[in-house]
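Each chain gets a letter, A, B and so on, in the order its sequence line appears, and its residues count up from 1. Fair warning: this is a prediction, and the values are worked out from it, not measured in the lab.
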Number of protein chains: 2
Amino acid sequence: MPQSPAPLFETILYLTRAIRAGFELRVRAQGLTYARARLLAVIGHNQGASQAELAQRLDIETPTLKRQLDALEALGLAERRPLAEDGRKHAIFLTGAARIEPLLAFRAEVEAAFSDGIAPEDLATTRRVLARMAENAERLKRT
Amino acid sequence: MPQSPAPLFETILYLTRAIRAGFELRVRAQGLTYARARLLAVIGHNQGASQAELAQRLDIETPTLKRQLDALEALGLAERRPLAEDGRKHAIFLTGAARIEPLLAFRAEVEAAFSDGIAPEDLATTRRVLARMAENAERLKRT
DNA sequence: CGAAATCCATTAGCAAGCTAACAATCGTGC
DNA sequence: GCACGATTGTTAGCTTGCTAATGGATTTCG
């Protein structure tokens, strides 16, 4: 859309692409992406969870999660184990090769770079405003 | 990634999905999407422009634009005309069937709904902060 | 003028989101 | 106990973004 007062939506969409691109500069070579790193971290904090649980934590749909998990498994960073007590579910675990701390550090670096020259109180306001917009969006979805 | 102080990046990524979903609720039935509406509006303001020009205005790559333009052409909303003076370029035009005002109105509605309950000065701060973050990202890309 | 460089659009292929539809498994309830 | 419904994961297919590579047309430069 063309420029309104100030293209808020355009900026948000642009930042989404920039966040991914900035992060992936550092992890591309390892076969990782922003989404895969996010999944890796959530598995780490929820060892043994099912795919449905992970998808809920990540707020994505299960088919989207499946492909990312396939990729992590192919990279040897995560594994599916069948559950004896429920033939439908898989329990998902990190392998020993997975290390999530560097990924969190990369993400923090990108966030710091993007926040350069912005007053902390303005950043806090922005966090609050965007969280409220997300709530509003969530509420709309229910309708 | 898990929750840091406050997951700013997560919120931005989420809002991108919410913006698209909210907008597409209203235009899906006409074969439109947020990206296609954006392209339609830019064509309207740049009648006869080449695909490379449109891509630059939209800040997307030409292959991405090509597919969206193909879709608009299939819907009968835009057309490519060969240029006599340059055999490489196409001049892109809206057809008579294209109407962009309702699309701008839809976008404004979504923005208003998302902004509900947010103080105007906080919204202004957010716009400024996000614009700065986009600048920072842009600067990083050049490096 | 002709060769080299550049530009334009396209093709091909990857990743991340989504929805719809399905098979298999589990749980409930009659 | 068995049929029905709900849950789990998967497959298939769509859109939007990207990069890399290609063919054709133009521009530039020697």
Side-chain angles (χ1 to χ4, degrees), chain A residues 9-10 12-25 27-40 49-56 58-75 80-92 141, chain B residues 9-10 12-25 27-40 49-56 58-75 80-92 141:
Chain A
F9 280 3
E10 311 295 309
I12 290 174
L13 291 238
Y14 173 76
L15 282 175
T16 285
R17 292 188 288 148
I19 288 166
R20 281 206 249 256
F23 185 79
E24 289 173 12
L25 274 184
V27 298
R28 224 10 172 173
Q30 313 159 35
L32 289 181
T33 63
Y34 189 84
R36 289 174 189 176
R38 207 164 85 98
L39 171 54
L40 214 49
S50 71
Q51 295 182 202
E53 280 179 271
L54 294 175
Q56 194 200 342
L58 289 164
D59 197 28
I60 60 178
E61 301 302 318
T62 54
T64 299
L65 180 128
K66 180 217 181 291
R67 276 181 323 206
Q68 292 168 2
L69 182 55
D70 286 346
L72 292 187
E73 217 169 14
L75 289 168
R80 279 179 252 233
R81 298 187 202 152
L83 265 187
E85 63 265 33
D86 192 331
R88 298 167 300 179
K89 294 187 182 177
H90 297 155
I92 314 300
K141 198 162 55 174
Chain B
F9 280 2
E10 311 295 309
I12 291 174
L13 291 239
Y14 173 76
L15 282 175
T16 286
R17 291 187 289 148
I19 288 166
R20 280 206 251 254
F23 185 79
E24 289 172 13
L25 274 185
V27 299
R28 223 11 172 171
Q30 311 159 36
L32 289 181
T33 63
Y34 189 85
R36 289 174 189 175
R38 207 164 83 99
L39 171 55
L40 213 51
S50 69
Q51 297 182 200
E53 280 178 271
L54 295 174
Q56 194 200 341
L58 290 164
D59 198 27
I60 58 178
E61 300 302 317
T62 53
T64 298
L65 181 129
K66 180 219 181 288
R67 277 180 323 203
Q68 293 168 1
L69 182 56
D70 286 345
L72 291 186
E73 215 168 17
L75 289 168
R80 280 179 250 233
R81 297 187 202 153
L83 266 186
E85 63 265 35
D86 192 331
R88 300 167 299 177
K89 294 186 184 179
H90 296 156
I92 314 299
K141 198 162 57 173

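Where DNA chain D meets chain A (any atom under 4.0 Å from a heavy atom), the bounding nucleotides read 5' to 3' are D:dT7 to D:dC18.
Taken to the nearest 0.5 Å, the CZ atom of B:F23 stands 10.0 Å off from the CZ atom of A:F9.
Here A:R17 pairs with nothing under the side-chain hydrogen bond (donor to acceptor under 3.5 Å, both in side chains) rule; sequence neighbours left out. Listed by chain and number, the residues in a side-chain hydrogen bond (donor to acceptor under 3.5 Å, both in side chains) with B:T16 are A:T16 (sequence neighbours excluded). In this structure B:R28 satisfies the side-chain hydrogen bond (donor to acceptor under 3.5 Å, both in side chains) test with no other residue, sequence neighbours excluded.
Proximity of B:T33 to B:R20: side-chain heavy atoms (C-beta onward) are nowhere separated by under 4.5 Å.
For A:I60 and A:L83, each mapped to the nucleotide of DNA chain C holding its nearest heavy atom, the one lying further toward the 5' end belongs to A:I60. Where B:L32 and B:A84 meet DNA chain D, the nucleotide closest to each residue was compared, and B:L32 sits on the side nearer the 5' end.
Contacts of A:R67 with the nucleic acid, taken as non-hydrogen atoms under 4.0 Å apart, include base atoms.
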Discussion item. How would you summarise protein contacts on nucleotides 1-9 of chain C per nucleotide, using B for base, S for sugar-phosphate only and - for none, with heavy-atom distances below 4.0 Å?
Written reply: ------BSS
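For B:Y34 and C:dC18, the OH to C1' distance is 18 Å, given to the nearest whole Å. Regarding A:Q68, its CD atom lies at a distance of 14 Å from the C1' atom of C:dC14, rounded to whole Å. Between A:L39 atom CG and C:dA15 atom P there is a gap of 15 Å when expressed in whole angstrom units. The separation between A:L72 atom CG and C:dA16 atom C1' is 13 Å, rounded to whole Å. For the pair B:L13 CG and C:dC18 P, the computed distance is 11 Å after rounding to whole Å.
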Can I get a per-line list of side-chain donor-acceptor pairs under 3.5 Å for residues 60-70 of chain A, giving both atom names and the distance, sequence neighbours left out?
from  : atom 1 : to    : atom 2 : distance (Å)
A:K66 : NZ     : A:D70 : OD2    : 2.3
A:D70 : OD1    : A:R80 : NH2    : 2.1

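Taking only side-chain nitrogens and oxygens, A:R36 comes nearer than 4.0 Å to OP1 or OP2 of C:dA16.
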